[in-house]
Amino acid sequence: KKTLGNKDAFYIALEKALHNYLKAKLKIETSEFSKDKIEELLAQKQIEKGSIQDFISLLKNCELARYSPFSEVQMQEDYNKASEVISQMDKQL
């Protein structure tokens, strides 16, 4: 939340937070991270398909943000979405 407004720092921090969350919950290493692998592991844990898609979408936004203009509104939306998705997944894991 501290980096809202600084696009590069925000999306780096968000991506790192999403990865760290998965590492803690699924007990996997960063080297095992690919979107396909994440989808597969979350599906095995019976996470709702919508939550998985939202999580993958956030990861994609983190990647896209480095190469395209993103507004503060988009950053706030992604921050809110990340909070929501992690909360939903916590209830399912």
Side-chain angles (χ1 to χ4, degrees):
K1 189 171 184 173
K2 287 187 281 187
T3 59
L4 272 170
N6 180 339
K7 182 183 81 157
D8 290 336
F10 172 76
Y11 282 102
I12 288 169
L14 180 59
E15 186 172 29
K16 196 176 289 189
L18 293 171
H19 281 210
N20 287 338
Y21 173 78
L22 283 184
K23 283 171 38 176
K25 289 292 185 178
L26 302 179
K27 296 172 181 39
I28 59 174
E29 292 302 314
T30 305
S31 61
E32 300 177 53
F33 276 26
S34 72
K35 288 178 203 69
D36 292 336
K37 182 72 170 174
I38 290 168
E39 282 186 75
E40 178 185 322
L41 289 170
L42 292 175
Q44 287 173 3
K45 295 281 188 181
Q46 299 181 346
I47 300 298
E48 293 174 3
K49 193 171 188 96
S51 296
I52 295 171
Q53 290 171 341
D54 288 344
F55 194 91
I56 298 301
S57 175
L58 283 167
L59 288 175
K60 288 179 182 177
N61 278 358
C62 290
E63 293 169 1
L64 285 173
R66 294 186 197 136
Y67 306 106
S68 56
F70 267 58
S71 68
E72 285 197 38
V73 171
Q74 181 66 43
M75 281 186 261
Q76 185 65 53
E77 288 174 5
D78 284 340
Y79 176 81
N80 294 343
K81 189 65 164 178
S83 296
E84 180 184 317
V85 168
I86 287 172
S87 177
Q88 289 172 358
M89 289 173 55
D90 262 348
K91 292 173 187 171
Q92 298 173 55
L93 284 173

**Backbone of Ser68 reached by a side-chain donor or acceptor of Lys7 within 3.5 Å** =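 Present.
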Minimum side-chain heavy-atom gap [X]-[Y] below 4.5 Å:
X	Y	value
Met89	Ile86	no
Met75	Asn6	no
Leu42	Leu22	yes

Which atom of [X] lies closest to which atom of [Y], heavy atoms considered:
X	Y	answer
Ala65	Tyr11	CB-CD1, 3.2 Å
Ala82	Leu58	CA-CD1, 3.4 Å
Tyr21	Leu93	OH-CD1, 3.8 Å
Ala24	Lys27	O-NZ, 3.9 Å

**Message:** Looking at Lys16, I want to see if its NZ is surrounded by more than 12 non-hydrogen atoms of other residues, nucleotides or ligands under 6.0 Å.
**Reply:**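 No.
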**Message:** Does Gln44 have more than 12 heavy atoms from other residues, nucleotides or ligands lying within 6.0 Å of its CD?
**Reply:**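 Yes, enclosed.
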**Asked** Restricting to pairs with a member in residues 75-93, which pass salt bridge (Lys or Arg N to Asp or Glu O under 4.0 Å), not counting sequence neighbours?
**Response**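 Applying salt bridge (Lys or Arg N to Asp or Glu O under 4.0 Å) to every pair that reaches into residues 75-93, excluding sequence neighbours, yields Lys25-Asp90, Asp54-Lys81, Lys81-Glu84.
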**Asked** What residues form a side chain to side chain donor-acceptor pair (under 3.5 Å) with Glu63, not counting sequence neighbours?
**Response**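 By the side chain to side chain donor-acceptor pair (under 3.5 Å) rule, Glu63 matches Lys35.
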